[in-house]
Amino acid sequence: MNTLDGFTGSIGHTPLIRIRSLSVATGCEILGKAEFLNPGGSVKDRAALWMVREHEKSGALRAGGTVVEGTAGNTGIGLAHVCNERGYPCVIYMPDNQSPEKVEILKTLGAEVRVVATVPYKDPMNYQKQAGRHAESLENAVWANQFDNVANRLAHYESTAPEIWEQTRGGVDAFTCSVGTGGTLAGVSRYLKEKSRDIRIVLADPHGSALYNWVTTGEAVMTPGPSITEGIGNSRVTDNLAGTEIDDAVQVPDQPMVSMVYEMLRGEGWFFGSSTGINLCAAVQVAESLGPGHTIVTVLADAGHKYQSSLFNRGFLAERGLSPD
Ligand code: PMP
């Protein structure tokens with residue numbers, strides 16, 4: 001029998017998919033790690049599982065304990081699933097600039113959702129800091145702490161990256177993806193650089209984030225925003241991201257991201273979210289800079305269903321000067 005064991009046993013082992021039109025156009029193999037096929041629907045299922053396991057191993061999380069997190073949504077969704085499987089209540093703090101679809105999904109999954117005002121990280125009322133304080137105030141509770149808990153990047157070092165290495169039979173020339181916590185980029189970079197120092201690691205950043213400047217100048221200075229992307233970009237270098245070998249960064253504006261997502265939808269049948277649009281635009285840029293004959297891997301982080309009211313809403317796009325055509 002060839003079966004997977006339960007919900008957590010179904011996390012990871014995602015296919016690596018050739019994106020046809022982009023591969024043909026660039027003369028490279030543009031390959032997407034199909035993270036939207038994780039059972040909770042995004043790349044963050046891996047981080048959720050690894051963080052919960054780490055808190056269990058350390059003894060901080062005991063039977064019936066509560067898992068608290070501050071999240072733009074996908075980590076919360078992953079945690080809510082894992083918590084249901086293991087019998088932990090789950091409390092999620094979310095900033096109020098995220099798509100309402102994510103709030104509804106979290107509630108349906110049984111998480112207690114606290115939507116709070118969107119304020120900068122340095123503000124004590126920032127959603128991440130509120131989550132940390134709430135966990136501290138409860139008995140038998142943990143703050144998953146995806147931004148600075150390096151179990152997040154370990155998930156990608158131990159699962160995503162070895163899968164990519166095996167699926168390409170070691171034939172990967174470059175890896176690029178956008179960064180929220182940095183867990184994905186940092187974990188994959190560490191593993192691939194151990195295999196070959198020549199594999200190029202490129203950070204993809206939306207506008208309204210400090211990471212493009214951090215990679216290219218060494219200073220984490222914000223670029224003008226905002227961006228309609230969700231779950232990516234950051235104003236600071238997290239513990240997950242710190243110390244990661246990154247060769248270069250590209251900045252992708254919202255319009256090429258929107259065009260990419262709609263081209264994928266209309267031309268190839270894919271229904272992707274905004275961070276995947278950024279990742280694919282970056283993969284094309286990396287392919288163009290390396291020239292034909294190279295293999296570039298990126299991340300298909302989640303699907304479009306959660307963005308019906310934003311990315312897939314013409315009115316929403318028009319108000320922001322963006323067009324799907
Ligand atoms: N894409 C999506 C859709 C996400 O939800 C996230 C995480 N917030 C990312 C990309 C970024 O992943 P990471 O946190 O590993 O940097």
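Read the numbers this way: they start at 1 and go in the same order the structure lists the ligands and their atoms. Keep in mind that what you see is a predicted model, and the values were worked out from it rather than measured.
There is no side-chain donor-acceptor pair under 3.5 Å between N234 and Y121.
Shown here are the side-chain hydrogen bond (donor to acceptor under 3.5 Å, both in side chains) partners of R314, two or more places apart in sequence or in another chain: D325. Not counting sequence neighbours, D173 has no partner by the salt bridge (Lys or Arg N to Asp or Glu O under 4.0 Å) test. Among residues two or more places apart in sequence or in another chain, the salt bridge (Lys or Arg N to Asp or Glu O under 4.0 Å) test is passed with E288 by none.
A distance below 6.0 Å separates the ring centres of Y191 and Y157. Taking the six-membered ring for Trp and the full ring otherwise, the centers of F36 and F271 sit at least 6.0 Å from each other.
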Tabulate distances under 3.5 Å between N/O atoms of ligand 1 and N/O atoms of the protein, writing both atom names on each line.
unit_1, atom_1, unit_2, atom_2, d
ligand 1, 1 (N), S275, OG, 2.7
ligand 1, 5 (O), N74, ND2, 2.8
ligand 1, 8 (N), G231, O, 2.9
ligand 1, 14 (O), K44, NZ, 2.6
ligand 1, 14 (O), T181, N, 2.9
ligand 1, 14 (O), T181, OG1, 2.6
ligand 1, 15 (O), T184, N, 3.0
ligand 1, 15 (O), T184, OG1, 2.6
ligand 1, 16 (O), G180, N, 2.7
ligand 1, 16 (O), T181, N, 3.2
ligand 1, 16 (O), G182, N, 2.8

